[in-house]
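Input: a single structure, listed below in structure tokens.
If you're wondering where the values come from, they're calculated on a predicted model, not measured in any experiment.
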Amino acid sequence: MTVTATDHVKLTMAQALNRALRDAMAADPAVVVFGEDVGALGGVFRITDGLTAEFGEDRCFDTPLAESGIVGVAVGMAMNGMRPVVEMQFDAFAYPAFEQIVSHVAKMRNRTRGRVTLPMVIRVPYAGGIGGVEHHCDSSEAYYAHTPGLHVVAPATPADAYGLLREAIASDDPVIFLEPKKLYWSKEEVELGAEVPGIGTAVVRRAGTDATLIAYGPSVPVALEAAEVAAGEGRSLQVVDLRSIVPFDDETVCAAVRSTGRAVVVAEAAGFASVSSEIVARVTERCFHALAAPIRRVTGFDIPYPPPKLEHFQLPGVDRVLDAVDDLQWEDS
Amino acid sequence: MLIDPHGNAVDASGYAAPDGPALLRAFAALVTARRLNDQAYALVRQGRLAVYPSSHGQEACQVAAAQVLADGDWLFPTYRDTIAAVGRGVDPVEALSLLKGDWHCGYDPYEHNVAPHATPLATQLPHAVGVAHAARLRGEPTVVLALCGDGGTSEGDFHEALNFAAVLRAPVVFFVQNNEYAISVPLARQTAAPSLAHKGIGYGVPGERVDGNDAAALLTVLGAAVERARAGGGPQLIEAHTYRMQAHTNADDATRYRRDDEVAAWVERDPITRLEAHLRERGLLDDAQLADITAQAEHVATHLRDGLNRDVEPDPAMLFDHVYASPTPQLTEQAALVADELDREGALR
Ligand SMILES: Cc1ncc(C[n+]2csc(CCOP(=O)(O)OP(=O)(O)O)c2C)c(N)n1
Ligand SMILES: [Mg+2]
């Protein structure tokens, strides 16, 4: 990544993503942005705001409404020297592109023995918590994570959003970039150009000694808040933010769990056959003897995402996380 | 149609037939194409190829698709278009890698600008648009020829690709080989459109129909479409009417869904005998030349046979090498597991 001068600014995650796109486009003429309403409107979440004005129609353009076509055209452009960054308007509207993603985006490198690489990013505003109506709140990460050949990342902070998106665009592998919608408006000081840990690296967001909360994307703030409440009750919870689902950072996650001996995975997606189940399996396989209790999960229920008035039942909340922590067989230790 | 099934020139107003050398070149390619189709079919029976969707009977389409493109142009083939890929310069042994049952496409797509063949129907068509659009943004004169079958025109990606190409004015020629069948399903069950070329109308893409067994007509019509796209005229849709003379693949039983007399009727319209009659009539081909052309075809077939008869032990370790630019820690672990299994197997032997 070629960001030179560091620059401290207070940005929302939405603004950080916009800055990342702008900086990447300025740094490399091969970077092109396209999708539905990304031009004059700047995207329904304004992530591409101002890009067409600054870089012109050839670099940031609206496409017809056809997600498979958007991703398929991006495949062709990536085959031919460009670095496309495409936007899926919402999580559930990426499904028409699924065939392209699974059969081509994920496989092109392998079926050409590395000759044809696809440096492309598929940005997906994802997950719930914004009172969205049906088809606007899906946590679709498991579909992508289950597909060999894709990198799958989900930032939880504006700084990570900037750093991970710059890295995703610079990557020669395709990246599914999951943007937690409910965090778009969260704000923090971002040091543009600062080194952030790379894709494939998890970070410990909060130190703690009694149990480890493992979270990613929209669930990270929930885990942090739970840790804060627990601290008031005399329990020290460590919080790990995965940042990257694929590649998965076994090392950081397992080291964290070994240090506390107890863990709860927090994730918004339905729990059955999910990323959260994978985390439990991996950690259990590797850290069984360090565990004082079975790992618990706090996830969405295995139901279609509920309507706005009921969504708080579906979302892992602080209370449920703390209840799960309480269940970690403390009486035995 | 520029040449009728008996080899006679037909006057098609507005279209000039290709010149003698171009026709002769196409004829030589047709003879090789037929020979390769038959050779590949035989290799399936001998267990050297896993499956072969033959373009027997469709060779004029295959040859013309390759011949109308310039250096630097791109071809996006399907599983049935091995011959077109070979026509662009791809080694037939490599072109058949996936059909041999290998995990990769064999050739370097950038060497001849031939994409790895797509099996999920019509999914290659948006890629073709993307390649063309990228070239156009950089001001390069590239044209992309994207192949698909009649059945493929029912898939969503066919429609999305046509629409994108039209909106972006991408230099793509969509070339549909209507061979009357999608496995067992005849065209009448595939579409109620008056023709497949009509499908362009809704997208503002000009469509044209051409006799798919007439190499001269194909060269002319496809050639004009390619040059129009190169000149900035936007995408076009060409439907060639042809016929799949053999079963869908060796694994298919065509007698379950079509009658032998239907197939027999198409023998008369064979693209090779037609062009041969025409060239002989015009004095452009004699027995000596034909012998040369046949010998050359035999030579290519021998190369294919030898290549596929060579046993290359696949290396399972390579299955992990190209999934990502650099393997994830998980893949590294899994590759080590396989390597260990192989070591232990080796120790036992
Ligand atoms: C998306 C998808 N669905 C189904 C298939 C299975 N399939 C392979 S070939 C074929 C028929 C295609 O017919 P057509 O497009 O006319 O091409 P042809 O085989 O006649 O050349 C089918 C159904 C596939 N490859 N891809
Ligand atoms: Mg067909």
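- No other option in A:Gly149, A:Gly114, A:Pro174, A:Pro96 has as many heavy-atom pairs under 4.5 Å with chain B as A:Gly149.
- Interface remark: B:Leu98 contributes side-chain atoms only to the contact with chain A (heavy atom separation under 4.5 Å).
- Residues B:Arg48 and B:Asp311 are paired through a salt bridge, judged by an N-O separation under 4.0 Å between the basic side chain and the carboxylate.
- Annotation: maximal heavy-atom pairing with chain A below 4.5 Å, among B:Thr123, B:Asn113, B:Val129, occurs at B:Thr123.
- Proximity to chain A (any heavy atom under 4.5 Å) is shown, for B:Asp108, by both the backbone and the side chain.
- By the 6.0 Å contact criterion, NE2 on B:His104 is enclosed, its count of non-hydrogen atoms from other residues, nucleotides or ligands being greater than 12.
- Ranked by heavy-atom pairs under 4.5 Å with chain B, the first of A:Gly76, A:Pro247, A:Pro148 is A:Gly76.
- Taking the six-membered ring where the residue is Trp, the centroids of A:His151 and B:Tyr324 are separated by under 6.0 Å.
- Considering only heavy-atom pairs separated by less than 4.5 Å from chain B, the leading option among A:Arg113, A:Met77, A:His104 is A:Arg113.
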- CA sep, side-chain torsions, deciding dist, call: B:Glu227, B:Arg230, salt bridge (charged side-chain N to carboxylate O under 4.0 Å, His left out): CA-CA 5 Å; B:Glu227 289 325 314; B:Arg230 201 185 308 286; 3.0 Å; yes
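- Both the backbone and the side chain of A:Ser68 come within contact range of chain B, with heavy atoms under 4.5 Å apart.
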- Worked check of side chain to side chain contact (heavy atoms under 4.5 Å, CB included) between B:Leu308 and B:Leu49: CA-CA 8 Å; B:Leu308 288 180; B:Leu49 270 175; 3.9 Å; yes
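- Note: A:Arg111 leads A:Arg111, A:Glu251, A:Arg59 in heavy-atom pairs under 4.5 Å with chain B.
- Options B:Val323, B:Val131, B:Leu137, B:Asp157 differ in how many heavy-atom pairs under 4.5 Å they form with chain A, and the most are formed by B:Val131.
- With rounding to the nearest 0.5 Å, the separation of CE in A:Met82 from CG in A:Asp28 is 9.0 Å.
- Contact of A:Arg282 with chain B is made through the side chain alone, with heavy-atom distances under 4.5 Å.
- Classification of the A:Tyr95-A:Tyr143 ring pair by plane angle, with boundaries at 30° and 60°, yields perpendicular.
- At a 4.5 Å heavy-atom cutoff, the contact between B:Ala135 and chain A is made by backbone and side-chain atoms alike.
- Rounded to the nearest 0.5 Å, atoms CZ (B:Phe76) and CG (B:Leu125) are 9.5 Å apart.
- With a threshold of 4.5 angstrom between heavy atoms, A:Glu67 approaches chain B through N, CA, C or O but not through any side-chain atom.
- For chain B, the nearby parts of A:Ile70 are the backbone and the side chain; heavy atoms of each come within less than 4.5 Å.
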- salt bridge (charged side-chain N to carboxylate O under 4.0 Å, His left out) between B:Arg136 and A:Asp58, worked out: CA-CA 10 Å; B:Arg136 208 175 77 94; A:Asp58 284 353; 6.0 Å; no
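- At a 4.5 Å heavy-atom cutoff, the contact between A:Val246 and chain B is made by side-chain atoms alone.
- Heavy atoms of other residues, nucleotides or ligands lying less than 6.0 angstrom from CG of B:Asp71 number 12 at most.
- Remark: aromatic rings of A:Phe61 and B:His133 are close, center separation under 6.0 Å.
- Residues of residues 161-173 of chain B placed with any heavy atom under 4.5 Å of a heavy atom in chain A are listed by number as B:Asn163, B:Phe164, B:Val167, B:Leu168.
- No hydrogens or angles considered: a donor-acceptor pair under 3.5 Å links the side chains of B:Gln62 and B:Asp81.
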- Item | Residue pair A:Asp172, A:Arg83: steps toward the salt bridge (charged side-chain N to carboxylate O under 4.0 Å, His left out) verdict | CA-CA 9 Å; A:Asp172 283 337; A:Arg83 290 188 173 271; 2.7 Å; yes
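- Using a 4.5 Å cut-off between heavy atoms, B:Pro116 contacts chain A through both its backbone and its side chain.
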- Message: Assess the residue pair A:Glu99 and A:Lys107 against the criterion (salt bridge (charged side-chain N to carboxylate O under 4.0 Å, His left out)); give the C-alpha distance rounded to whole Å, side-chain angles, the decisive distance to 0.1 Å, and a yes or no.
- Response: CA-CA 11 Å; A:Glu99 183 187 29; A:Lys107 290 181 179 155; over 6 Å; no
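- The contact between B:Glu333 and chain A is made entirely by side chain atoms (from C-beta outward), counting heavy-atom distances below 4.5 Å.
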